[in-house]
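Here is the structure we will look at, set down as structure tokens.
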Amino acid sequence: MTSWTLSKLAKVLLVSGASLSVTPGVAAQTQPPAAPPSAADRAAIAVASRAERDRELKLLGISEMQPPASAYDIGKPGNANYDESKANPYPKLPEVLIMKDGTRVTTPEQWKNRRAELKAMFDEDVYGKYPMHIPKVTWSVDSVETMTVQGIPALVKHVTGHVDNSSYPSITVDIHADVVTPASTKGKKVPVIIGGGSIRPRPNFARPPAAPGQVVHMLSSPPDAPDSAKLLLEHGWGFVGRNSGDVQADNGAGLDKGIIGLVNKGQPRSLDDWGVLRAWAWGDSKLLDYLENDPDVDANKVGVMGHSRGGKAALVAQVDDPRFAIGFISSSGAGGADLYRRNYGETMGNIAGATEFHWFAGNFMKYAATGHSANEMPVDSHEFIALVAPRPIFIGGGALLTDPVYVPGDAWQDAQGMFMAAVAASPVWDLLGAKGLGTTTFPPMGTLIDSGDVAFRQHQYGHTPAPNWPYFIEFADKEFKKR
């Protein structure tokens, strides 16, 4: 079985221009997660991140920024707002179907122009622009093995994408991933979800005991929460386990390294250069390049999934690469599917702060400067979601937990704000002959909205995608059958 698989992989990868390097008979394990940085390393990263942010603020002429909100000191000054009655200070959103010159978009042909107009604004002021030239990625299959993943026999290909660094050898970018499909479907092309699981043991979702008066900040998933890898493999689908940190570090100190640093030859980025979210999205797009040549993958049914900051990046990936057939955007919050003009949970001061500014273009920080607001932005997140249309998308998140120990659950990511953005984006699906969300009423907890090509569900637990996975698979199954 192994020699047949490697022979077939060699043929398709060599035809596509990729290289194939395999050690027969060796069941190689994907690289283990890097050891967490030491306290000294974390401190150095924090210092360098603040220095890079200060450099960009100086270029912008900004002397003072809005302070970030805290998440857990509910009812105290400086904490995030969790009161829905105060959540919409700027209720009037930019019109997704009105051009900058005031022309109303009424045809799919007009939408092409409006889409380009919107994307240019997000490129300039939110996520940053892709470089004109990004080095080529050459994929190799390091090894193939059969193993049991969550009790399911699976075929696992350990692959590496090497980014050509011949123009600047000081920086090396290698993208490692595990491409996992059911062993029972060998020789049959199956749908695959990038970010859909891991071959490693799942984390323990059970709530730990809390001492009297202790506040525990955690996932708050039910103890029997389904594992996505198990669900996908049982359904006859596959997944890709990847570490986006291979592409770009999640900090401002690393902007002169990773793919951003490689393109810039180690120099600081410009204010409109791509941020980390777009770099991660690019990495997922390169993984899709590999999957198009994998004989066990149906390249027309590849989805992208992300949770929290990964959900922000997954949304960017689905927008940027039309080959992604579907997206599962989990708890993406501010900077993802949530409306920037909302005031609920994470604030502009947080996502433009020293630990998160690197996700975006430097230009984004001007809307979080003291005396300024998101209401000055020419766009909002509903317009970015609309750039996915007419492809299907599932947006989900958790709830505000009232348990005094396990707080605030997923309120930081603002499920209602993400729902409102999906509502405001839906007319574009309707314009393009698909179907949007189909309702403007925020649904009861645990209700799946999937009558159209935009789906939404809020589960009753905390900051975790686990309870929504069965519903995403149900939605995706229905959408894939249309293809």
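The figures that follow rest on heavy atoms only: side chains count, while hydrogens, waters and symmetry mates do not.
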Using salt bridge (charged side-chain N to carboxylate O under 4.0 Å, His left out) as the criterion, list what pairs up with [X], not counting sequence neighbours.
X: Asp289; result: Lys286, Arg323
X: Asp272; result: Lys129
X: Asp477; result: Lys481
X: Arg278; result: Asp123, Asp320

Does a side-chain heavy-atom distance below 4.5 Å link [X] with [Y]?
X: Val316; Y: Lys312; answer: no
X: Asp125; Y: Val379; answer: no
X: Phe384; Y: Tyr340; answer: no
X: Leu315; Y: Val388; answer: yes
X: Ser49; Y: Thr355; answer: no
X: Ile329; Y: Ile393; answer: yes
X: Ile473; Y: Leu231; answer: yes
X: Thr447; Y: Ile449; answer: yes

Residues forming a side-chain contact (heavy atoms from CB on, under 4.5 Å) with [X], sequence neighbours excluded:
X: Leu432; value: Pro108, Trp111, Ala389, Pro390, Val428
X: Pro37; value: Asp41, Arg42
X: Asp174; value: Thr160, His162, Thr172, His176

Is it the case that the side chain of [X] and the backbone of [Y] share a donor-acceptor pair, with hydrogens and angles ignored and the cut-off at 3.5 Å?
X: Asn165; Y: Ile171; result: yes
X: Arg269; Y: Ile260; result: no
X: Thr146; Y: Ala154; result: no
X: Tyr461; Y: Gly409; result: no
X: Glu117; Y: Asn113; result: no
X: Ser308; Y: Gly310; result: no
X: Thr181; Y: Gly238; result: no

Between Trp469 and Phe328, what is the ring plane arrangement, given parallel below 30°, perpendicular above 60°, and tilted in between? perpendicular
How far apart are the closest heavy atoms of [X] and [Y], and which atoms are they?
X: Ala415; Y: Gly398; answer: CB-O, 3.7 Å
X: Val149; Y: Ala229; answer: CG1-CB, 4.2 Å
X: Ala466; Y: Pro226; answer: O-CG, 3.6 Å
X: Met420; Y: Leu339; answer: CB-CD1, 3.9 Å
X: Arg242; Y: Gly195; answer: NH1-CA, 3.3 Å
X: Val180; Y: Leu233; answer: CG1-CD2, 4.1 Å

Looking at residues at least two apart in the chain, or sitting in another chain, which of them share a ring pair (Phe, Tyr, Trp, His ring centres under 6.0 Å) with Tyr130? Trp274
Distance from [X] atom [atom1] to [Y] atom [atom2], nearest 0.5 Å?
X: His235; Y: Ile193; atom1: NE2; atom2: CD1; answer: 10.0 Å
X: Leu287; Y: Ile194; atom1: CG; atom2: CD1; answer: 5.0 Å
X: Thr440; Y: Phe419; atom1: OG1; atom2: CZ; answer: 6.5 Å
X: Leu431; Y: Gln110; atom1: CG; atom2: CD; answer: 8.5 Å
X: Ser198; Y: Asp227; atom1: OG; atom2: CG; answer: 9.0 Å

Could you list all the salt bridge (Lys or Arg N to Asp or Glu O under 4.0 Å) pairs where at least one residue sits in residues 409-438, not counting sequence neighbours? Arg342-Asp414
Show me the pairs that pass salt bridge (Lys or Arg N to Asp or Glu O under 4.0 Å) and involve residues 449-465, at least two apart or across chains. Asp450-Lys478, Asp453-Lys482
Run the ring-ring contact (aromatic ring centres under 6.0 Å, His included) check on Trp237 and Phe480 step by step: do they pass? CA-CA 12 Å; Trp237 295 0; Phe480 285 163; 5.3 Å; yes
List the atom pairs, donor and acceptor, that lie under 3.5 Å between side-chain atoms in residues 356-364 and the rest of the protein, sequence neighbours left out.
unit_1, atom_1, unit_2, atom_2, d
His358, ND1, Gly252, N, 3.4
His358, NE2, Asp250, O, 3.4
His358, NE2, Asp250, OD1, 2.8
His358, NE2, Asn251, N, 3.3
Trp359, NE1, Asp250, OD1, 2.8
Asn363, ND2, Glu124, O, 3.0
Asn363, ND2, Glu124, OE2, 3.4

Is there a side-chain hydrogen bond (donor to acceptor under 3.5 Å, both in side chains) between His158 and Asp142? Walk through the geometry before answering. CA-CA 6 Å; His158 304 290; Asp142 303 323; over 6 Å; no
side-chain hydrogen bond (donor to acceptor under 3.5 Å, both in side chains) pairs, two or more places apart, involving residues 382-391: Arg114-Glu383
Checking side-chain contact (heavy atoms from CB on, under 4.5 Å) between Val302 and each of Val297, Asp321, Asp294, which is the one that passes? Val297
Residues Ser244, Gln248; criterion side-chain hydrogen bond (donor to acceptor under 3.5 Å, both in side chains); working and verdict: CA-CA 7 Å; Ser244 296; Gln248 189 66 43; over 6 Å; no
Thinking salt bridges, do Lys157 and Glu145 make one under a 4.0 Å N-O criterion? no
